[in-house]
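Working notes, beginning with the structure itself.
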Amino acid sequence: MKQLRTVRGVQDILPAQYKYFKAVVDTASLWAERYGFKAMSLPIIEKEEVFKRPLGETSDIISKEMFTLENRDKGEKIILRPEATASIARSFLQHGLQHNLPQKLYYWGPMFRYERPQKGRLRQFNQFGVEFLGVDDPYQDVEIISLGYNLLKALGLENDVELHINTLGDTASRSAFREALVTYFQSVKSGLSEDSLKRLEVNPLRILDSKNEGDQKLCQQAPKFDAYLSKTSKMHFDRVCNGLKILGIKYIHKSNLVRGLDYYCHTVFEFSTKKLGSQGAVLAGGRYDGLTSYMGGQPVEAFGWAAGIERLMMLLEENKTFNLKKERCIGVIPLDENAEIPCWKIAQKLRQEGFSVDILWKGTMGKRLKKLDKANVDIAILMGEDEQSVNKVMIKFLKESRQELASIDTLAAFLKI
RNA sequence: GCGGGCGUAGCUCAGGUGGUUAGAGCACCAGAUUGUGGCUCUGGGGGCCGUGGGUUCAAGUCCCAUCGUUCGCCCCA
């Protein structure tokens, strides 16, 4: 029989890696809560419409990366969510959260995109995200970016990433600029690369960050966004930059930073790394004031970001400067049959006292100690005939190569020191 | 979706121009060690050489396809 394996582009995360995954989620949750965000959970399946308009029909995610399902009884189309910001907006409207602004929400969970797999790019991957709804002050943009910064710093990754920011302006500025770009690039169309010809149709702003040399040359002569930015857009962005300076967060203004999703406006940013090949973005987001109105609700100003948990996990694994929390754990070894039940009771009691305890029922003492040593366990508790006769156990401190007898009744107190 | 590299033991990898029973290190198991782990030594188990087809007297090795992975493009977390 053929060996069963995971489907393309998805992965198991075994305990050896999961500890890093958990470190990312725990650290991110901790920091989100320090900023006043509240956790919530969203479904993995949604109606297609939740994403279609907000992300844009022509976006890659909608046009070619959706996992679709059929809802059997109604024949309606269901999709596996490709991201969660639109889900948040849907949930926000569904439950009337706009009546209690602002809302600070965070979530994490799997997302699905039908892409060509690569290192750091999976078809099922996990994102951790925060969304701040009901705020228009540019300093709040900075506040949320600083949460991302603090998270990366807490993970010991601040030297692995760069912060890139840009503004997409308001709708009017952006469409004026877009028009100017289209006019310009139409006039030099013959010099554009094949990819950029497509971009000209789908997302002309994208031509600006083309890696093609010919495109880049043409871009030098292209209209500049600055000339089309409205006064308020400019002020917004200046204030964001100023806020970052106030908090001492280094950034690079990349005027060609564009997001592929329609719902973004004004500030967009990404923390990106060079250590993951072409999958550089580890934590990215921006402002999306119009998102709720795409769904038929009142417009609500909002700012948020999402981080790729697996990408951060990979950086963490490589970096090694991050200290994983390790609980002190104990292994209990009954040396003969008579010791089994007393040992079991001891283990139960210690667990109730808050210790992590494993019982090793079988094997020679040497084998069992060896197992504990390999598992990096701190303390072994041994009980054989000798100990039982005096109502004690042997406590072995594996890291310190010493052991001493301890009374069973006062064991928990003894170990807590 | 497009172009390139790579798939040999659980892991990391050797296996010139095709030629006996496919190797190493680490890991695993057992013993040296019948109440004491780490160190050392000795032995052992493990392989449809990713899969399918083809060329050949003969394929881990060459060819084709396919799947997976990886790098770049695209895109993105």
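Residue numbers begin at 1 in each chain, while the letters A, B, ... track the order of the sequences. Source: prediction; values computed, not measured.
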E65(A) or P117(A), whichever maps to the more 5' nucleotide of RNA chain B: P117(A)

In terms of side-chain geometry, is the basic nitrogen of E353(A) or R351(A) positioned less than 4.0 Å from the acidic oxygen of its partner? no

At less than 4.0 Å, is any side-chain N or O atom of R311(A) found next to OP1 or OP2 of rA77(B)? Yes or no. no

Between F271(A) and F269(A), how do the two ring planes meet: parallel, tilted or perpendicular, split at 30° and 60°? perpendicular

Give G129(A) one of three labels, base, sugar-phosphate or nothing, depending on what nucleic acid heavy atoms sit under 4.0 Å from its own. nothing

Pair partner, rC48(B) [Watson-Crick or wobble, under 3.5 Å]: none

Choosing from rU70(B), rC74(B), rA77(B), which nucleotide comes nearest the side chain of K119(A)? rU70(B)

Taking donor-acceptor contacts at under 3.5 Å, does the side chain of R5(A) reach the base of rC67(B)? no

Between R116(A) and rG3(B), does any side-chain N or O lie under 4.0 Å from OP1 or OP2? no

Under 4.0 Å, heavy atoms only, any strand: does I309(A) hit a base, just the sugar-phosphate, or nothing? nothing

Does D336(A) reach the main-chain N or O of N338(A) with its side chain, forming a donor-acceptor pair under 3.5 Å? yes

Over all strands shown, is G9(A) touching base, sugar-phosphate only, or nothing at heavy-atom distances under 4.0 angstrom? sugar-phosphate

For K38(A) and K104(A), indicate whether the former's side chain and the latter's backbone hold a donor-acceptor pair under 3.5 Å. no

Please name the nucleotide paired to rC11(B) by Watson-Crick or G-U wobble geometry with both distances under 3.5 Å, or report none. rG25(B)

F414(A) and F397(A) aromatic ring geometry - parallel, tilted or perpendicular at 30°/60° bounds: tilted

Quick one: look up who rU61(B) pairs with, Watson-Crick or G-U, both distances under 3.5 Å, and put none if it's unpaired. none

CE of M314(A) versus P of rU69(B): gap in Å, rounded? 13 Å

Could you tell me whether R121(A) contacts a base, only the sugar-phosphate backbone, or nothing, with contacts defined as non-hydrogen atoms closer than 4.0 Å? base

So, does R259(A) get its side chain near the phosphate of rA77(B), meaning an N or O under 4.0 Å from OP1 or OP2? yes

Quick tally for nucleotides 32-42 of chain B: nucleotides whose base has a protein heavy atom under 4.0 Å get B, sugar-phosphate-only ones S, the rest -, giving ---BBBB----

Ignoring hydrogens and geometry beyond distance, is a side-chain donor-acceptor pair present between T267(A) and D141(A) at under 3.5 Å? yes

Atom CZ of F271(A) and atom P of rC76(B) are separated, to the nearest Å, by 19 Å

For a quick test of reading the model, state the closest non-hydrogen atom pair linking L360(A) to G331(A) and the distance between them. CD1-CA, 4.1 Å

Side chain of Q127(A) (C-beta onward), nearest among rC74(B), rA77(B), rC2(B): rA77(B)

Pair assignment for rC73(B), Watson-Crick or G-U wobble, requiring both distances under 3.5 Å: rG1(B)

So, with a heavy-atom separation below 4.0 Å from RNA chain B, the residues of residues 208-218 of chain A are K211(A)

Tell me: CZ of R199(A) to P of rG1(B), nearest whole Å? 19 Å

Within the 4.0 Å heavy-atom criterion, would you say E270(A) contacts the bases, only the backbone, or no part of the nucleic acid? nothing

State, to 0.1 Å, how close T167(A) and F225(A) come at their nearest heavy-atom pair, and which atoms those are. O-CE2, 3.3 Å

Should rG68(B) form a Watson-Crick or G-U wobble pair with both distances under 3.5 Å, which nucleotide is its partner? rC6(B)

Separation of rU66(B) atom C1' from R8(A) atom CZ, nearest Å, is 12 Å

Determine which nucleotide pairs with rU36(B), using a 3.5 Å limit on both distances of a Watson-Crick or G-U wobble pair. none

Could you check if a side-chain atom of F51(A) sits within less than 4.5 angstrom of a side-chain atom of E83(A), using non-hydrogen atoms only? yes

If you pin T6(A) and K64(A) to their nearest nucleotides in RNA chain B, which one's is more 5'? T6(A)

Is any side-chain heavy atom of I13(A) closer than 4.5 Å to one of Y20(A)? no

Does rG18(B) have a Watson-Crick or wobble mate here (both distances under 3.5 Å), and if so which one? none

Separation of rA77(B) atom C1' from E310(A) atom CD, nearest Å, is 9 Å

With a distance cut-off below 6.0 Å to the six-membered ring centre and an angular limit of 45° from the axis, does R174(A) pair with Y228(A) as a cation-pi contact? no

